[in-house]
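Below you'll find the structure, written out as structure tokens, and then a few comments.
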Amino acid sequence: MEFFLGKFNYWVYIAMMMIGFYAMIAKHNLVKKIIGMNIFQTAIILFYVSIGTKKGGTIPILEGAGHHAVAPESINVAHYINPLPHVLMLTAIVVGVSVTGVALALIILIYKRYNTVEEDEILRQLS
Amino acid sequence: MIWPLDFILLIIILILSVAAITVRDLLSAAIILGGFSFMMALLWTEMGAVDVAITEASVGAGVSTVFFVAALHHTNRRSKD
Amino acid sequence: MIHQAPILTIATLLLTAFWVPIIGMFKKESAYYIALAAIFIAFAAACGTLYSVLLHGPIHYHMGGWPPPWGIEFVIDYLNAGVLVLIALISFLTTISAKKSVEQEINRDKWPAFWSLYLLLIMSLMGMTETGDMFNMYVYLEVSSLTAYGLIAMGEDGALIASFNYVILGSVGASFYLLGVGYLYIVTGSLNMADLYRLMPGLYHSKVVFTAFAFFMVGIGIKMGLFPLHVWLPDAYTRAPSAISALIAPTMTKVSAYVLFRIILSVFHIQFSTMIIPAAKLLMWIAAVGIIYGSIMAIAQKDIKRMLAYSSISQIGYIVLGLALANRMGLIGGALHIFSHAFAKGCLFMVAMAIVYKTGIRNIDEFKDLNKKMPFTMAAFCVAALSMVGVPPTAGFFSKWYLVLGTISGRHWLMTAVILASSLLNAIYFFRIIEKTYFSSFLGGGGHGHHKTPTVVMTEAPAMMVIPILLMAVGILAVGLFNFQIIHHLLQFIVPGGLA
Amino acid sequence: MKPLKLLALITVLITAFFLMYGVNEMPDWGNSSAPASTHVSPYYIQHSQDDTDAPNFVSAVLADYRGFDTLFETTVIFCAGMACMMLLRKKKK
Amino acid sequence: MTNRYENLIIEFFCRVIAPVVLLFGVYIVFHGEASPGGGFQGGVILGSGYIMLAIAYGIDFTLKRIRERIILFLSGFGVFIYGGIGAACLLWHGNFLDYGKLPLPLAHTNAIRGLGIMGIEIGVGLTVMGVMVSIYYDLIVAGGNQKENKGEVCDGILSR
Amino acid sequence: MNTVVSIKPLLAVLVSLVGAFFILFTSSKRQNLRESWTFIAAFIKFGIVLSMMPVILHGKVIKLTLLEIAPGLSLMFKVDFLGIIFGLVASGLWIVTSLYSIGYMRGLKEHAQNRYFFAFALCLSATMGIAFAGNLLTFYVFYEMLTISTYPLVTHNEDEEAVKAGRKYLTYTLSAGVLLLFAIAATYLYAGTLEFMPGGFLNGHNIPIGVLQFLLVAFLIGCGVKAGVMPFHAWLPSAMVAPTPVSALLHAVAVVKAGVFGCVRIIAYVFGPVVLKDIHMWLIVAYFVSFTIIVSSLFALASDNLKRRLAFSTISQLSYIILGAALLSKASLTGSILHIPNHAYMKITLFFCAGAIFVKTGKKNISELDGIGWQMPITMGAFTLVSFGMVGIPPLCGFISKWYLCLGTLQAREFFFLFVLLTSAVLNAAYFFPIVYAAFFRQPAGGRPAFNEASLPLVIPLSITAVMAVIFGIFPNFTFHFFDLARNAATTIIAGM
């Protein structure tokens, strides 16, 4: 049970990612694929954020700081959660929304051209 | 970090993600995806990743959903699967 | 200023790319010239980088002055200095020849955005070669994918579907890469390649590292069109605008192949993929199947761009095979093949672009008498085709030579057979075209060749298009003849110590 | 179930298996002595105020230590904007 | 337009809330150093303010306030600010993005770096805002005639 | 062994390469200019090669290292006894063939003459490269270049038959090239060097016998395909669709000779007599080519098309050369090397005759040749003269090389091969003499035709080569010192210098 609970976040992220992945490769509807892609990327973000957590850690903003220097040694590292994965994930989120935007633009054009967003129908029209 | 809240949120998120890909109405799916992102943002606030949470709330739940709706405006909102 | 050369390659393209659409709002034609100038400066900077590397050894450039592993660094050693110049040179030549084709195929309103994305694509490819940080690599991967999605979608009918498939697969690939980075980060806490290389030996038996490796392979495999993950590639190359095919075919997959080299050689140690897990063996078989599959599929195609696309799949197999052989000759052969194939495939796609531009012909069966219409273009085609087949003294021969040496010294006889058989298969589909073009004047006409000489007027593509094509052909020969110099100054350093 | 979907399901399950295989050996969730929290990131937490005058570590890392990433992240957005514009925008009549 | 009053409510609500949203966005951009937020988040919020206007009043109305060319200019110029600050460091013998080398009249390097961060956050914010509005505009117009879209996004979808 | 460094071998290769591009870029309307390029290149080349001969004859070796390709491996030229013979033959005959080509191509108003002369010059460059190659890699580079540059010549007619023949040619030669590449790569890995040495360089590397046997087979198939050794000969008769000067070039000068030359190089300069005897392969090779000698003669007997008959005759004669090399005795090596020039001069004459007949009368088959000797006495006279030489009747040059081959079989104490050689001579007589008989002693249906010789550009070359064939029979050392060169080559090989 400890084994299960200790990594619960990881199990959930795997489950979520697989849901997204399945939607991406198995669904015929192009919009559904994009929804799957969003879920997929969000799962990765969940994974990264989970890396950064520390039990008993607080948000990564220095407490009680104005604009004055603080001696590096006086800061307790274990008190703050790891900021690096958060930084990486900001990038990933932004990338995700960019790809979504482009993909939706493509979907609109595909709909205008083929009058459907179902992949099998498009393939039937192409062949 | 509050463990029970964490678990509940994760379960809700799983349910929402399954819902988002199974619902046949694409508009509903997009809205569910927005809800999913919002729950995600909550989860991350709860985990201490405030910057990610803000971004996810504004991007995932906000702009992304708007994009979906805008795209669905031009296409078909019904899906076969 | 020479020590700033690595960043100038990126910064020039980047800062120009933002102004291209803004200036393009007022004058559409200027977009191209601005882009060309930027690419030329980037090319010069790339040459400066290479020069500096050759003189002073590898460059470590710290972004923002933060030393690694805290900051991001550019690491330019011998291999990627070479690849950098290769990418810059090929994109420069492609850009020169692409002008007319783009003007023909792309709506005038879209030129500024087009050239902006084009610059960003080249920029991201250069960034991928230079960076020494795993996550930075991901960002470049995404920039290159995103620009490619847009550019490919500008092509003919069917490009939309091709691009959409690429969106799906490309984001799966990038996400897998990101997962791999995350898995490495969770056990090492670092994102810097050199740092990871230092930390890695202690973690060889970790399952996490193994999983990370698998995800890297799949992620980059998708990006480079490695055999079972290639499904996006043929459609994308076929349907994209000719200029874009000519740009991405020689550069994008090659850069991805370079990334694969980087990850196997200088993030994981080569011993990891040969001794700890049987990755090299698996890759070798995948590459072999890919080589044969790509060649056979290429034979079955009628559309020249699609044929070249399948041929790319086959050639990527060569590069991966060289890497998977994991011995001195194999690695050198694989790395040299990046160069030789980039030139050959670039030349071939540029020829296809010129043909499509001038005649609109895509079907190989209609190539009859094309040699009389476009003699210079077809001459370059022949040189490139011979390089693909591996006829000396073209570049293709020498990379094949090292690969064969690699397979023999590793006692992989079956792989030797695969390489040799594939060069025969290559010969089949290239000589088919040459035969159609040059030697079928009297086919089907019934008459014998002695009496009538068909009068076909020469309608060569514009000089702006032909000269880069010919330069590429010269490049193929130059890489072939001076391959020892390339190996001696650049490629021999990739072979890790202690490798036979 | 159609064969294609079955194939997809199998792919998904294989991937899931790999992921779980890897997760098994990972440090537990929230473990503050895991390498991820001890190798590089302590420097950021300790020095960011000193180096960059930004108490928000995320901002400091995002905009300074790893500012180069962020530059390209912004570029990604710009690319998306350009791509959408190129694909969809038509000249006004 | 299914219900005139419903639309009225939306319009009124947006008119009230949009300035607040924009102000909040600006706050997030500028206060990113010390509190959660920064260029991205602020930029997205700024963008969504305009998108909100566009949803309520139609895209034409919004374009009167922020013109198409301005959007394009902002999205390009924002990144250029970022890259330009980075490249400017080269002139003072720093590495790329080494803000500490910029010759600003401040006593400490860290203060200069702080200003540098501020500068690039502004750049990021501008770009993100511009691009978000631009993508929304492209998606909603999608090459068609833009006159017909006034406030009918949801109506159009729901009636189908 | 003294070595001289000289740029001459490179010049000999380059002169026709450069000439080729001059030809290509000359307007196809200015025929005279174009063909003068050919002649200029041909004469310069011949001069260069000839100027190297005295040096070689004094027992020196000309060496030139061009580009290093891999550690210890470079593009290298090395002119030795064997190489200079081949070089002399090829460059000398190019002049004659060029003259003949002009007559033939203009006589038939052929299309695409630019391409034709371009490919021809390229072909000669490659041949020169093969002759002067100093190591296996250089050899391979030019060998493949020869393959590719001959392809447009084979397919010259551009009709269905030609295209098919071209495909067949490429299939055979490229497959062989691939095999050769493999063998060269493996040799490099095992021996660490690829440089040709008289007497072989594979000695003393402790290579397992099985590997050596396998390598020899790969090498000999790789080169044997071009040499038309049975059962890899099928491309050669179908390549007969090419214009006759091409056939002459293919069969007498460049391509098949390159294959044979390669076989000799491999037997004598890569493996060497010692290794070849150690691995028990020399007799197997000899039996193998003996089979070719006999069977292809039988094929020649059965074919009615004149060029086809000549093609099978070539296959048979080439195998003489390989047989001589495989017997590994001094006399047989001398005979075998001497047969390279001798056969070249004889066979080219025969092809020239066939071409002249075709240009003049349009006849291709032997059964149509009744009485043609009276119509074209010079042509058929040369044909008759040379066919005596092919059979091995003195005082023609064919006799000398056959004599040494027979001596060689006796030296090697393998009397079976003496029998083979003699049988083959009888068969040669059996397929050549009926042609001569028909030409001079049989009345055609319409009565004896009047004198109507082919044009001068056709007749002069074939007369020259026929006369040369006689001169070499009487004075084997005439001008070119073929005999001395061949004997020296054989001596160095046996001595393993």
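To find a chain, count down the sequence lines: A is the first, B the second, and so on, and within it residues start at 1. Only heavy atoms go into these numbers, but all of them, side chains included; no hydrogens, no water, no symmetry mates.
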Name every donor-acceptor pair, under 3.5 Å, that has one atom in a side chain of residues 11-36 of chain B and the other anywhere in the protein, sequence neighbours excluded.
residue, atom, partner, partner atom, Å
B/Ser17, OG, B/Ile13, O, 3.3
B/Ser17, OG, B/Leu14, O, 2.8
B/Thr22, OG1, B/Val18, O, 2.7
B/Thr22, OG1, B/Ala19, O, 3.3
B/Arg24, NH1, B/Lys80, O, 2.8
B/Asp25, OD1, B/Leu27, N, 3.2
B/Asp25, OD1, B/Arg77, NE, 3.0
B/Asp25, OD1, B/Arg77, NH2, 3.4
B/Asp25, OD2, B/Ser28, OG, 3.1
B/Asp25, OD2, B/Arg77, NH2, 2.5

Can I get a per-line list of side-chain donor-acceptor pairs under 3.5 Å for residues 100-107 of chain A, giving both atom names and the distance, sequence neighbours left out?
residue, atom, partner, partner atom, Å
A/Thr100, OG1, A/Gly96, O, 2.7

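The environment of OH in A/Tyr10 is crowded: more than 12 heavy-atom neighbours from other residues, nucleotides or ligands sit within 6.0 Å.
Interatomic distance, A/Thr53 OG1 to B/Glu46 CD, rounded to the nearest 0.5 Å: 10.0 Å. Separating the NE2 atom in B/His74 from the CG atom in A/Leu109 is a distance of 10.0 Å, to the nearest 0.5 Å. To the nearest 0.5 Å, the span separating CE on B/Met40 from CD1 on A/Ile39 amounts to 10.0 Å.
Using a 4.5 Å cut-off between heavy atoms, A/Gln41 makes no contact with chain B at all. Heavy-atom distances place no part of A/Asn115 under 4.5 Å from chain B, backbone and side chain included. For chain B, no part of A/Ile110 is nearby; none of its heavy atoms comes within less than 4.5 Å. Neither the backbone nor the side chain of A/Thr116 comes within less than 4.5 Å of any heavy atom of chain B.
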So A/Leu46 and B/Leu43, side-chain contact (heavy atoms from CB on, under 4.5 Å) or not? Walk me through it.
-> CA-CA 9 Å; A/Leu46 175 59; B/Leu43 177 69; 3.6 Å; yes
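Scored by the salt bridge (Lys or Arg N to Asp or Glu O under 4.0 Å) test, A/Lys27 finds no partners at all (sequence neighbours excluded).
In terms of heavy atoms, A/Val12 sits closest to B/Leu10 at CG1-CD2, 3.6 Å. When all heavy atoms are compared, the tightest approach of A/Asn38 to B/Ser64 is OD1-OG, 4.3 Å. In this structure, A/His86 and B/Gly48 approach most closely via the heavy-atom pair CE1-O, 4.0 Å.
Your options are A/Val117, A/Ile81, A/Thr58, A/Asp120, and the one with the most heavy-atom pairs under 4.5 Å with chain B is A/Ile81. For the options A/Ile34, A/Ile35, A/Leu30, A/Val31, heavy-atom pairs under 4.5 Å to chain B are most numerous at A/Ile35.
By a heavy-atom distance cut of under 4.5 Å, B/Thr55, B/Glu56, B/Val59 are the residues of residues 54-62 of chain B near chain A, going up by number.
In this structure the side chain of A/Asn9 reaches within 4.5 angstrom of the side chain of B/Asp6, judged on heavy atoms. Residues B/Ser79 and A/Glu118 have side chains in contact (heavy-atom distance under 4.5 Å, counting atoms from C-beta outward). A heavy-atom distance below 4.5 Å is not found between the side chains of B/Val52 and A/Tyr48.
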